[in-house]
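Some notes on the structure that comes next.
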Amino acid sequence: MAPRASLAYKTGRNAQVSVAYGIFYQRAENSQLYYTTNLDFTKATHYIINYQKMTTDRIFRVEAYYKEYVPLSKRAGKLFLF
């Protein structure tokens with residue numbers, strides 16, 4: 001299961017703050033499978049917050065995020081570390 005959710009709150013007539021959370025899964029790349037086939041899906045948990053302000057001809061948006069990867073395969077030279 002990979003739940004995802006987002007919420008937005010209007011802070012003014014043309015502005016809003018929003019937050020988002022999600023879990024995503026990704027398979028190993030083919031280049032990693034040359035060294036081992038014992039790789040599970042990588043799980044990434046995302047946390048995002050942003051602010052958006054709109055005018056008649058412009059949009060200002062600033063966003064901060066944090067991503068956590070488990071397990072993360074790291075490449076060291078031609079070997080992968082697990």
Side-chain angles (χ1 to χ4, degrees):
M1 182 144 71
R4 299 171 192 173
S6 63
L7 297 169
Y9 178 76
K10 287 187 74 78
T11 57
R13 184 170 172 223
N14 296 315
Q16 76 176 26
V17 172
S18 62
V19 295
Y21 165 84
I23 296 176
F24 301 84
Y25 292 93
Q26 182 175 340
R27 292 185 57 195
E29 294 180 13
N30 288 337
S31 61
Q32 294 172 314
L33 297 175
Y34 288 127
Y35 301 100
T36 182
T37 57
N38 192 24
L39 291 177
D40 201 3
F41 284 84
T42 297
K43 175 183 172 185
T45 305
H46 298 210
Y47 303 90
I48 303 168
I49 184 168
N50 76 49
Y51 172 78
Q52 183 170 301
K53 174 78 174 173
M54 296 178 3
T55 63
T56 54
D57 62 345
R58 301 269 192 260
I59 297 175
F60 171 75
R61 181 174 163 176
V62 62
E63 183 171 274
Y65 67 91
Y66 175 76
K67 293 182 182 182
E68 180 180 47
Y69 296 95
V70 177
L72 180 62
S73 301
K74 298 178 184 177
R75 187 172 177 179
K78 291 190 177 197
L79 299 176
F80 285 94
L81 307 174
F82 304 99

*Sequence neighbours left out, what pairs pass side-chain hydrogen bond (donor to acceptor under 3.5 Å, both in side chains) with at least one residue falling in residues 11-25?*
S18-N50

*Worked check of side-chain contact (heavy atoms from CB on, under 4.5 Å) between K43 and I23*: CA-CA 7 Å; K43 175 183 172 185; I23 296 176; 3.7 Å; yes

*asked:* If hydrophobic clusters are built from ILVMFWY residues whose side chains come within less than 4.5 Å, do Y9 and Y51 share one?
replied: no

_I59: hydrophobic cluster co-members (side-chain, 4.5 Å)_ = M54

*If the plane angle is over 60° it's perpendicular, under 30° parallel, otherwise tilted; pick one for F24 and H46.*
tilted

*Roughly how far, to the nearest 0.5 Å, is the OH atom of Y47 from the NZ atom of K67?*
13.5 Å

_Please enumerate all residues that pass ring-ring contact (aromatic ring centres under 6.0 Å, His included) together with F60, with sequence neighbours excluded._
none

*asked:* Which residues end up grouped with Y65 if you chain together Ile, Leu, Val, Met, Phe, Trp and Tyr wherever their side-chain heavy atoms are less than 4.5 Å apart?
replied: I48

*What pairs meet the salt bridge (Lys or Arg N to Asp or Glu O under 4.0 Å) rule with one or both residues in residues 50-64, with sequence neighbours excluded?*
R61-E63

